[in-house]
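Presented below is the structure to which this report refers.
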Amino acid sequence: MINVAGFAYDSIVDGPGLRAAIFMQGCDKRCPGCHNPDAQPLIGGTPYPPEGLYEMIAANPMCSGVTFSGGEPLLQAAALLPLAQLIKGAGLALAIYTGDVIEQIIARGDAAQLELLALADVLIDGPFLIEQRSLSLPFRGSANQRILDSERSIREGRAVSCDIPEWYPEKQCGA
Ligand code: SF4
């Protein structure tokens, strides 16, 4: 079961396009100024089976992608694997937010976390740092957070920047 703090069917702020955003319950980072403090407690939330969440995603035919946010999705990596496989099997894009940085994740070597991130298209890594807070960076809360090619970063064992232009609307012509 996946412990969920919240679900948005039609988010436009958790990545490009119209996305389903799933906010996981539980985070151990305690970032000052956290955007979602209700998702921090490790106990609470609502348990969903992966198939149930996938049905909620598939109910919106306009959905172009899915974002796992939090809370800390990597704390539930093993439970999220079947859902990630269903999402990718349906041809949907998958993005994951984490308060860890990719170098920490790779060094930790947690098999479920690495497998989950190898399935994802995009990883936004790093904690929210209030001293680097930015309102002008789309899809990120603070300037330290990186938009990475998740699958390639895991495969190559290093941080690889995402090269999907839609993740950088501030750089596009006329922006
Ligand atoms: S990692 Fe995200 S959810 Fe966790 S405390 Fe920091 S801002 Fe909040």
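Whatever order the structure lists them in is the order used to number ligands and atoms, beginning at 1. Computed from heavy atoms alone, side chains included, the values below leave out hydrogens, waters and symmetry copies. Because the structure is a prediction, the values reported are computed rather than measured.
- Between the side chains of S11 and R19, not a single donor N or O lies within less than 3.5 Å of an accepting N or O.
- Around the CZ atom of R133, the shell of radius 6.0 Å holds no more than 12 heavy atoms that belong to other residues, nucleotides or ligands.
- The nearest heavy-atom contact from the protein to atom 6 (Fe) of ligand 1 is C31 SG, 2.3 Å.
- Here the CZ atom belonging to F68 is positioned 5.0 Å from the CG atom belonging to L94, to the nearest 0.5 angstrom.
- For the atom pair CD1 (I105) and OG (S150), the distance works out to 8.0 Å, reported to the nearest 0.5 Å.
- Distance from atom 2 (Fe) of ligand 1 to its nearest protein heavy atom, with residue and atom name: H35 CE1, 3.6 Å.
- The distance from atom 8 (Fe) of ligand 1 to the nearest N/O/S atom of C34 is under 2.8 Å.
- Within ligand 1, the atoms closer than 4.0 Å to a non-hydrogen atom of F128 are 7 (S), numbered from 1 in the order shown.
- More than 12 heavy-atom neighbours from other residues, nucleotides or ligands sit within 6.0 angstrom of CG on L18.
- Counting heavy atoms under 4.0 Å from ligand 1, residue E72 does not touch it at all.
- When all heavy atoms are compared, the tightest approach of L42 to C27 is CD2-N, 3.6 Å.
- Between the choices G33, C27, P127, the shortest heavy-atom distance to atom 1 (S) of ligand 1 belongs to C27.
- Residue, atom and distance of the protein heavy atom nearest to atom 3 (S) of ligand 1 are G71 N, 3.4 Å.
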